[in-house]
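It should be emphasised that the depicted structure is a prediction, and the values quoted were computed from it without experimental measurement.
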Amino acid sequence: MTIQHPPDPTAAEMAKRLPPAITRYLREADPQHKANAHDLLAAFAADATVVDDDGTTYTGHDEIHRWREMETSEYTSTVEISHVEKFDDSRYVVTHHLEGDFPGGVVDIIYRFTLADGLIAKLEIAP
């Protein structure tokens, strides 16, 4: 997939029409937002899986909660949605453009969401 630079001008508009579970996850994952575990987990099905950018898989609310707790960073950054793609009613790709004081200073993170019954059933994250 090609990442848009500058951000795709339609990304912000498309982001407004993302399903609530994806919107909730993106809000709770935003480094500028003080994440709430209850709100974050409410976006996921009870048996959901997350495949992190290092290839580690987390299954179920307990493991996903522990993963998010480990993901808290000592770095500060800003995030902007730079690309949104809808494949069908259950599959979406969202790209975040991050800039901050972490090594390298700039990175694009790709989130591949699969939904079931309105909740995130699988989330794959790739740099």
Student: Would H96 and Y111 count as a close aromatic pair, with their ring centres under 6.0 Å?
Tutor: yes
Student: Could you list the residues that satisfy salt bridge (charged side-chain N to carboxylate O under 4.0 Å, His left out) with D54, not counting sequence neighbours?
Tutor: none
Student: Could you walk me through whether F44 and H61 pass the side-chain contact (heavy atoms from CB on, under 4.5 Å) check?
Tutor: CA-CA 8 Å; F44 288 92; H61 281 186; 3.9 Å; yes
Student: Backbone N or O of G55 within a donor-acceptor pair of the D52 side chain at under 3.5 Å?
Tutor: no
Student: At what distance, to the nearest 0.5 angstrom, does CZ of R24 lie from CG of L119?
Tutor: 9.0 Å
Student: State plainly whether one hydrophobic cluster holds both L115 and I125, where clusters connect Ile, Leu, Val, Met, Phe, Trp and Tyr through side-chain heavy atoms under 4.5 angstrom apart.
Tutor: yes
Student: Please name the pair of heavy atoms, one in M14 and one in K86, separated by the smallest distance, quoted to 0.1 Å.
Tutor: CE-N, 4.4 Å
Student: Do you know which two heavy atoms are closest between L98 and S77, and how far apart they sit?
Tutor: CD2-OG, 4.0 Å
Student: Is there a path of hydrophobic side-chain contacts, each under 4.5 Å between heavy atoms of I, L, V, M, F, W or Y residues, that connects W67 with I22?
Tutor: yes
Student: Please report the C-alpha distance between F113 and L18 in whole Å, then the side-chain angles of each, then the deciding distance to 0.1 Å, and finally whether the side-chain contact (heavy atoms from CB on, under 4.5 Å) criterion is met.
Tutor: CA-CA 11 Å; F113 294 94; L18 286 168; over 6 Å; no
Student: Is a donor from one side chain sitting under 3.5 angstrom from an acceptor on the other, for T76 and D101?
Tutor: yes
Student: When hydrophobic residues are tied together by side-chain contacts of less than 4.5 Å, even through go-betweens, does Y25 share a cluster with V51?
Tutor: no
Student: For a quick test of reading the model, state the closest non-hydrogen atom pair linking A48 to I64 and the distance between them.
Tutor: O-CD1, 3.8 Å
Student: Identify the two heavy atoms, one from R68 and one from E28, that lie closest to each other, and give their separation to 0.1 Å.
Tutor: NH2-O, 4.3 Å
Student: Measuring from atom CD of E124 to atom CD1 of I110, what distance do you get when rounded to the nearest 0.5 angstrom?
Tutor: 11.0 Å
Student: Between A43 and A21, what is the shortest heavy-atom contact and its length?
Tutor: CB-O, 3.4 Å
Student: Grab the two heavy atoms, one from A15 and one from I81, that are nearest each other, plus how far apart they are.
Tutor: CB-CD1, 3.7 Å
Student: Would you find a donor on one side and an acceptor on the other, under 3.5 Å apart, between the side chain of H97 and the backbone of I109?
Tutor: no
Student: So, E63 side chain and T59 main chain: donor-acceptor pair closer than 3.5 Å or not?
Tutor: yes
Student: Could you go step by step and tell me if F87 and V93 meet the side-chain contact (heavy atoms from CB on, under 4.5 Å) rule?
Tutor: CA-CA 8 Å; F87 292 98; V93 172; 3.3 Å; yes
